[in-house]
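Read through the structure below, which is laid out as structure tokens, and then see the notes.
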Protein chains: 2
Amino acid sequence: MNISDASERSGVSAKMIRYYESIKLLQPAARRDNGYRDYGDADVSVLQFIRRTRDLGFSLEEVGALLTLWRDRKRPSREVKRLAEAHIADLERRMKEMRAVLRTLRDLAQHCHGDDRSDCPILDDLASPLSTRRAKRRH
Amino acid sequence: MNISDASERSGVSAKMIRYYESIKLLQPAARRDNGYRDYGDADVSVLQFIRRTRDLGFSLEEVGALLTLWRDRKRPSREVKRLAEAHIADLERRMKEMRAVLRTLRDLAQHCHGDDRSDCPILDDLASPLSTRRAKRRH
DNA sequence: CCTTGACCTTCCCATTGTGGGAAGGTGCAA
DNA sequence: TTGCACCTTCCCACAATGGGAAGGTCAAGG
């Protein structure tokens, strides 16, 4: 099948399919006489694997590692799990940061009148965060 | 003061200070005779504002808008609040997505032996997500 | 006075993952 | 034959940041 059919079936854009091939995440696709790339069901499966893995937030580098493990019938599941857990830890770290940011933002927004008046605790904080503000003192 | 002092005091790298100037987020800095950029305390304040705003996850475009509002003594706080709340909504949306992803990943990792054996529910799911898997049927 | 090291300047390149679009070839249907 | 929908490669752009080269400047110490 043509690239656009593979794209439709896998949910990966044609552009990205070509890109993945160019960075060697994918084996070079078979070509028809006219130079068109030609895909089979197995290729679509690989593309779906990539799509799913990307959707779970893995980087393309990690996708590559997972693909290799997937293809290796003798892989130790330990390695897959290790990759997954590293990624989980990364997401958890980022979530934690976002939670802290959200807490701050909600707090600031809550205290802002949000009307025609110009005084605004949000801007006040951006200019001089509460966390760094303290009683005046001489240096 | 020189750029590296401004950098140190604001927590914004010299590289980024020049970049912010180049994209017009910052007014062109004053120059000494030798061509060196010259910063004062007010400039450092602006840089700190940017740093803080970036730390809260606003894009440079949003930082620009907030800077403009900050400078405008007659701004309505409504506009600041609107920006903040849009950003909050964005973060909430992303957190929600991440939570869903994390749920899935934790679930998969939990069921993976993580030993020498090759069978692995993580790879199984990537290849064919549970959510799309159903009883065999003919097409 | 000269050297050395720490600054400064601009300019280009790389990153990550994706999309847009141009220029040119191909295949199929009316 | 014409037209349209494909396909190909190639270059550009994005967001925000860092690395590093090539060359100018300044201050301290010999």
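Lettering follows sequence order; numbering is per chain, from 1. Computed from a predicted structure; not experimentally measured.
Residue Arg54(B) places at least one side-chain N or O under 4.0 Å from the OP1 or OP2 atom of dT17(D). Phosphate proximity of dT18(C) to Ser13(A): absent, as no side-chain N or O sits under 4.0 Å from OP1 or OP2. Listed pair Asn34(A) / dG27(C) meets the phosphate criterion, a side-chain N or O lying under 4.0 Å from OP1 or OP2. Between Tyr20(A) and dG17(C) there is no side-chain N or O to OP1 or OP2 distance below 4.0 Å.
Remark: P of dC7(D) and CZ of Arg32(A) are 11 Å apart, rounded to the nearest angstrom. In this structure, CZ of Arg51(B) is placed 15 Å from P of dA16(D), rounded to the nearest angstrom. Counting to the nearest Å, the P atom of dT18(C) and the CG atom of Leu25(A) are 10 Å from each other. Spacing between atom CD1 of Ile17(B) and atom P of dA16(D) amounts to 17 Å, rounded to whole angstrom units. Across the protein-nucleic acid pair, Ile23(A) atom CD1 and dG17(C) atom P stand 8 Å apart, rounded to whole Å. Distance, Tyr19(A) OH to dC14(D) C1': 14 Å, rounded to whole Å. As a whole-Å value, the separation of Ile50(B) CD1 from dT17(D) P is 10 Å. Rounded to whole angstrom, the span from the CE atom of Met16(A) across to the C1' atom of dT18(C) amounts to 5 Å.
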So if I define the base as every atom that isn't primed, P, OP1 or OP2, how would nucleotides 7-14 of chain C read as a B/S/- string at a heavy-atom cutoff under 4.0 Å?
BSBB----
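Remark: Asp116(A) engages Arg78(B) in a side-chain hydrogen bond (donor to acceptor under 3.5 Å, both in side chains) (not counting sequence neighbours). With sequence neighbours left out, Tyr20(B) forms a ring-ring contact (aromatic ring centres under 6.0 Å, His included) with no residue at all. Residues satisfying the side chain to side chain contact (heavy atoms under 4.5 Å, CB included) test with Ser13(A), not counting sequence neighbours, are Lys15(A), Met16(A). The ring-ring contact (aromatic ring centres under 6.0 Å, His included) test applied to Phe49(A) returns Trp70(A), not counting sequence neighbours. Contacts of Asp72(A) classified as side-chain hydrogen bond (donor to acceptor under 3.5 Å, both in side chains), with partners at least two apart in sequence or in another chain: none.
Remark: Ser59(B), Leu60(B) in residues 56-66 of chain B come within less than 4.0 Å of DNA chain D through at least one heavy atom.
Taking a cutoff of 4.0 Å between a charged side-chain nitrogen and a carboxylate oxygen, Arg117(B) and Asp119(B) do not qualify as a salt bridge. Here Arg94(A) pairs with Asp90(A) in a salt bridge; the nearest charged N to carboxylate O distance falls below 4.0 Å.
Annotation: salt bridge (Lys or Arg N to Asp or Glu O under 4.0 Å) contacts involving residues 101-110 of chain B, sequence neighbours excluded, comprise Glu92(A)-Arg106(B). Listed by first and then second residue, the salt bridge (Lys or Arg N to Asp or Glu O under 4.0 Å) pairs involving residues 46-62 of chain A are Arg51(A)-Asp55(A), Arg52(A)-Asp125(B) (not counting sequence neighbours). Each side-chain hydrogen bond (donor to acceptor under 3.5 Å, both in side chains) pair with one or both residues in residues 22-33 of chain B, not counting sequence neighbours, appears once here: Arg32(B)-Asp38(B).
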Let me check something: any side-chain donor-acceptor pairs from residues 79-88 of chain A under 3.5 Å, sequence neighbours excluded? List them with distances.
unit_1, atom_1, unit_2, atom_2, d
Lys81(A), NZ, Ala109(B), O, 3.3
Lys81(A), NZ, Cys112(B), O, 2.8
His87(A), NE2, Leu56(A), O, 2.8
His87(A), NE2, Gly57(A), O, 3.4

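Bending across the helix from dC1(C)-dG30(D) to dA30(C)-dT1(D), expressed as the angle between its end axes from five pairs apiece, amounts to 30° (10° rounding).
Remark: the backbone N or O of Ser4(A) is not paired with any side-chain donor or acceptor of Asn2(A) at under 3.5 angstrom.
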